[in-house]
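Treat the numbers as computed from the prediction; the structure is a model and nothing was measured.
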Amino acid sequence: VTGVQTCALPISSAAGGDITLSAVNLGSSATPLRLLAGAGAISLTATNGDIYYRSPSGTFKTSQITALSAAKTGATISLGADNGGVRVDTITQYNSNTTNDNLFLLAGNGDVTLSCNNAVVAAAITLTATGGDIVSTLSTAVLDTSAANGNLTLSGGSLGSSAMPLLAKTGTGNLSLTASTGDIFL
């Protein structure tokens, strides 16, 4: 399955039904899959490749993806919203094979909000909040690339806050932090 769509329209489920996709690759960096599941669940499986997914509108919540699996070690998993924020509200439903991959969370017009009780674990993590901030609502939300000594890249208006700094475990991995309009609290 690729993200090539002749009309550039998103894939929609009827009446908020579930969407399940499985293929070698799901989407591409140039043409990510755009899915409108409404209240339905999304299941994404890349059998030996990468996953690129964008919600075309509104805030994308990670809980809407009820199954996420990328069998290839070092796969790119790029999730986000074209015109909205990203809320990392739960990730326990993601397959353990995703922890050795490169995770990108991209908010096209809003905040990236970390509000899950579990660590976000990947070989490398990139969070980008275009037109918004990267914030945490829980002191237990940790960005963890330490097992792979991977890089952590954060870019937004501001990163964290004095009341709720972002937490990271990178081992010997590099940090790249960019706050375009505010402060950095890590």
Side-chain angles (χ1 to χ4, degrees), residues 27 29-30 32-35 37 42 44 50-66 68 70 74-95 98-186:
S29 60
L33 290 173
R34 288 178 170 80
L35 307 173
I42 298 170
L44 303 173
D50 303 319
I51 298 172
Y52 293 87
Y53 162 76
R54 296 292 177 276
S55 172
S57 61
T59 296
F60 160 64
K61 296 180 183 177
T62 57
S63 58
Q64 189 167 18
I65 297 180
T66 57
L68 180 72
T76 294
I77 299 175
S78 178
L79 309 171
D82 284 335
N83 192 22
V86 172
R87 178 172 289 278
V88 183
D89 53 348
T90 185
I91 54 168
T92 57
Q93 72 280 20
Y94 294 2
N95 191 297
T98 61
T99 62
N100 62 13
D101 297 326
N102 303 306
L103 177 65
F104 294 80
L105 296 175
L106 310 169
N109 187 23
D111 296 340
V112 174
T113 304
L114 304 172
S115 62
C116 63
N117 286 316
N118 304 90
V120 177
V121 180
I125 298 173
T126 299
L127 305 182
T128 303
T130 302
D133 302 320
I134 299 175
V135 298
S136 179
T137 62
L138 296 172
S139 61
T140 55
V142 178
L143 302 169
D144 187 352
T145 62
S146 63
N149 292 313
N151 296 335
L152 177 62
T153 304
L154 306 176
S155 177
S158 63
L159 308 178
S161 68
S162 60
M164 192 67 64
L166 301 175
L167 303 176
K169 290 172 55 177
T170 59
T172 59
N174 294 321
L175 288 172
S176 174
L177 308 172
T178 304
S180 59
T181 59
D183 296 320
I184 297 173
F185 294 92
L186 184 69

Please report the closest heavy-atom contact between [X] and [Y], naming both atoms and the distance.
X      : Y      : value
Asn102 : Ala123 : OD1-CB, 4.0 Å
Leu114 : Ala141 : CB-CB, 3.8 Å
Gly85  : Ala107 : CA-CB, 3.9 Å
Arg54  : Ala81  : CD-N, 4.1 Å

Give, for atom [atom1] of [X] and atom [atom2] of [Y], the distance between the pair rounded to the nearest 0.5 Å.
X      : Y      : atom1 : atom2 : value
Asp101 : Thr76  : CG    : OG1   : 8.0 Å
Gln64  : Ile42  : CD    : CD1   : 4.0 Å
Ile51  : Leu44  : CD1   : CG    : 5.5 Å
Ile65  : Thr90  : CD1   : OG1   : 12.0 Å
Leu127 : Ile134 : CG    : CD1   : 5.0 Å
Asn118 : Asp89  : CG    : CG    : 11.0 Å

Are the side chains of Asn117 and Leu138 in touch, meaning some heavy atoms are under 4.5 Å apart?
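Yes, their side chains come closer than 4.5 Å.
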
What pairs of donor and acceptor atoms, side-chain ones from residues 156-176 against any protein atom, are under 3.5 angstrom apart with sequence neighbours left out?
from: Ser158; atom 1: OG; to: Asp133; atom 2: OD1; distance (Å): 3.2
from: Ser161; atom 1: OG; to: Met164; atom 2: N; distance (Å): 3.0
from: Thr172; atom 1: OG1; to: Asn149; atom 2: OD1; distance (Å): 3.4

Contacts of Val120 meeting side chain to side chain contact (heavy atoms under 4.5 Å, CB included) (sequence neighbours excluded), chain-then-number -> Val88, Ile91, Leu103, Cys116, Ile125, Leu143

Got a sec, which residues hit ring pair (Phe, Tyr, Trp, His ring centres under 6.0 Å) with Tyr53, two or more places apart in sequence or on another chain?
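Ring pair (Phe, Tyr, Trp, His ring centres under 6.0 Å) list for Tyr53, sorted by chain: Phe60.
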
Just by distance, with hydrogens left out, do Asp111 and Thr113 show a side-chain donor and acceptor under 3.5 Å apart?
no

